[in-house]
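Let me begin by presenting the structure, written as structure tokens, before commenting on it.
All of these numbers come straight from a predicted model, not from anything done at the bench.
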Amino acid sequence: MDHARAVWVKAILLAAIVFATAQPGWADARKTVVVLGDSLAAGLGVEAGQAYPAVLQEKIKSAGLPFTIVDAGVSGDTTADGLSRLNWLLQRKIDVLVVELGGNDGLRGIPIATIQSNLQAIVERAKARYPDIKIVIAGMRMPANMGPDYVEAFAKVFSDVATKNHAALVPFLLEGVGGDPRLNQADGIHPTAEGHKIVAENVWKTLRPVLESEK
């Protein structure tokens with residue numbers, strides 16, 4: 001499936017979710033966690049139920065927490081792309097926003113200042129719409145071949161944005177997965193189903209306390 005069609009399909013699915021959850025009486029007691037992400041959230045190369053947002057939903061269910069995950073991952077998205085579609089997502093109440101963007105920016109060598117500006121704008125726009133929203137920033141890292149200065153600055157931008165905005169931080173989304181061929185698909189970038197389980201656990205360590213404070 002090409003990128004344009006993937007975006008179209010994701011938009012249709014998200015529209016269906018927003019419509020369904022907006023209906024009177026639909027899970028009124030439940031709150032919403034939106035994962036604003038790229039191909040990692042979208043689960044490129046694995047079944048929809050194997051992507052880490054779906055695994056997180058199972059963890060939420062097992063923990064008995066009243067939250068529904070909305071997977072707003074679109075393959076190929078950069079921080080600018082995420083920002084451009086945020087207004088549409090904010091049409092429905094979001095209680096927790098997980099921002100998992102930046103990997104594609106880094107691989108394209110987009111300036112660090114631009115990445116930071118986009119991430120900051122995402123946080124500010126979400127808070128402007130819902131002042132009580134909780135933000136989780138998922139940290140990413142770049143391979144060494146991007147150059148030591150860029151690699152260091154890239155890794156730091158996520159913690160800087162989280163600190164500035166009093167947001168929760170997943171230190172490194174792909175901890176224990178990145179660089180391990182046993183847990184990645186042939187492209188060496190996207191996790192296998194087993195890899196997604198570890199990614200979900202990385203997020204869960206940070207997300208669970210946020211959800212427990214919200215319930």
Side-chain angles (χ1 to χ4, degrees), residues 1-4 6-7 10 35-46 51-53 71-86 97-126 135-165 167-207:
M1 180 182 295
D2 60 29
H3 176 62
V7 172
K10 178 66 71 172
V35 181
L36 178 62
D38 51 31
S39 58
L40 297 175
L44 184 68
V46 300
Y52 80 82
D71 182 355
V74 174
S75 294
D77 261 16
T78 62
T79 54
D81 294 322
L83 177 60
S84 71
R85 60 189 174 92
L86 183 59
L97 178 66
V98 179
V99 183
E100 180 262 283
L101 290 166
N104 288 316
D105 300 65
L107 292 173
R108 299 175 190 180
I110 291 175
I112 299 299
T114 300
I115 299 172
Q116 183 160 357
S117 176
N118 288 336
L119 290 173
Q120 182 63 34
I122 288 171
V123 173
E124 290 178 357
R125 190 172 296 179
I135 306 292
V136 177
I137 303 292
M140 288 294 293
R141 297 175 188 169
M142 283 293 105
N145 63 7
M146 297 298 294
D149 291 342
Y150 189 87
V151 168
E152 181 179 356
F154 180 85
K156 188 172 180 292
V157 73
F158 301 95
S159 59
D160 285 350
V161 171
T163 299
K164 179 177 180 178
N165 296 282
L169 175 70
V170 179
F172 179 34
L173 183 73
L174 298 177
E175 184 69 48
V177 178
D180 189 336
R182 298 169 300 175
L183 296 170
N184 286 277
Q185 299 172 46
D187 62 10
I189 297 175
H190 296 95
T192 61
E194 286 303 309
H196 273 280
K197 292 179 182 179
I198 297 174
V199 172
E201 184 59 29
N202 292 338
V203 177
W204 186 236
K205 290 175 184 177
T206 299
L207 180 62

Donor-acceptor pairs are to be reported for all side-chain atoms of residues 106-118 against protein atoms at under 3.5 Å, with residues two or more places apart or in another chain.
residue: Arg108; atom: NH2; partner: Gly76; partner atom: O; Å: 3.1
residue: Asn118; atom: ND2; partner: Thr79; partner atom: OG1; Å: 3.0
residue: Asn118; atom: ND2; partner: Thr114; partner atom: O; Å: 3.3

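Checking side-chain atoms of Glu175 against main-chain N and O of Asn202 turns up no donor-acceptor pair under 3.5 Å. When atom types are taken as modelled, the side chain of Arg125 and the backbone of Leu83 share a donor-acceptor pair closer than 3.5 angstrom. The backbone N or O of Asp81 sits less than 3.5 Å from a side-chain atom of Thr78, completing a donor-acceptor pair. The main-chain N or O of Pro53 is never found under 3.5 Å from a side-chain atom of Asp71 such that the two would form a donor-acceptor pair. Remark: side-chain polar atoms of Ser159 are paired, donor with acceptor, to backbone N or O of Lys156 under 3.5 angstrom. Under a 3.5 Å cut-off, the side chain of Gln185 and the backbone N or O of Leu44 do form a donor-acceptor pair. In terms of modelled atom types and a separation under 3.5 Å, the side chain of Asp77 and the main chain of Ser39 share no donor-acceptor contact.
Between the CD1 atom of Ile135 and the CG atom of Leu119 there is a distance of 11.0 Å, given to the nearest 0.5 Å. Interatomic distance, Met140 CE to Leu101 CG, rounded to the nearest 0.5 Å: 10.0 Å.
Looking at heavy atoms from C-beta onward, Leu36 lies in side-chain contact with Ile122 at the 4.5 angstrom threshold. With a 4.5 Å cut-off on side-chain heavy atoms, Val74 and Arg85 count as touching. The closest side-chain heavy-atom distance from Asp38 to Glu100 is below 4.5 Å.
Closest of all the heavy-atom pairs between Gly43 and Ala51 is CA-CB, 3.6 Å. Summarising the geometry of Ala126 relative to Leu86, their closest heavy-atom pair is N-CD2, 4.3 Å, with the distance given to 0.1 Å. The nearest pair of heavy atoms linking Val151 to Pro143 is CG2-O, 3.2 Å. Annotation for Ser75 and Ala42: closest pair OG-CB, 4.0 Å, computed over non-hydrogen atoms.
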### Query
Stepwise, does the side-chain contact (heavy atoms from CB on, under 4.5 Å) test hold for Leu169 with Thr206?
CA-CA 7 Å; Leu169 175 70; Thr206 299; 5.7 Å; no

#### Entry: Stepwise side-chain contact (heavy atoms from CB on, under 4.5 Å) test for Met142 and Tyr150
CA-CA 8 Å; Met142 283 293 105; Tyr150 189 87; 4.2 Å; yes

#### Entry: Leu183/Ile198 under side-chain contact (heavy atoms from CB on, under 4.5 Å): CA gap, chis, key distance, verdict
CA-CA 9 Å; Leu183 296 170; Ile198 297 174; 3.5 Å; yes

#### Entry: Test side-chain contact (heavy atoms from CB on, under 4.5 Å) applied to Ile189 and Asn184, step by step
CA-CA 6 Å; Ile189 297 175; Asn184 286 277; 5.9 Å; no

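A side-chain donor from one of Gln120 and Asn165 sits under 3.5 Å from a side-chain acceptor of the other.
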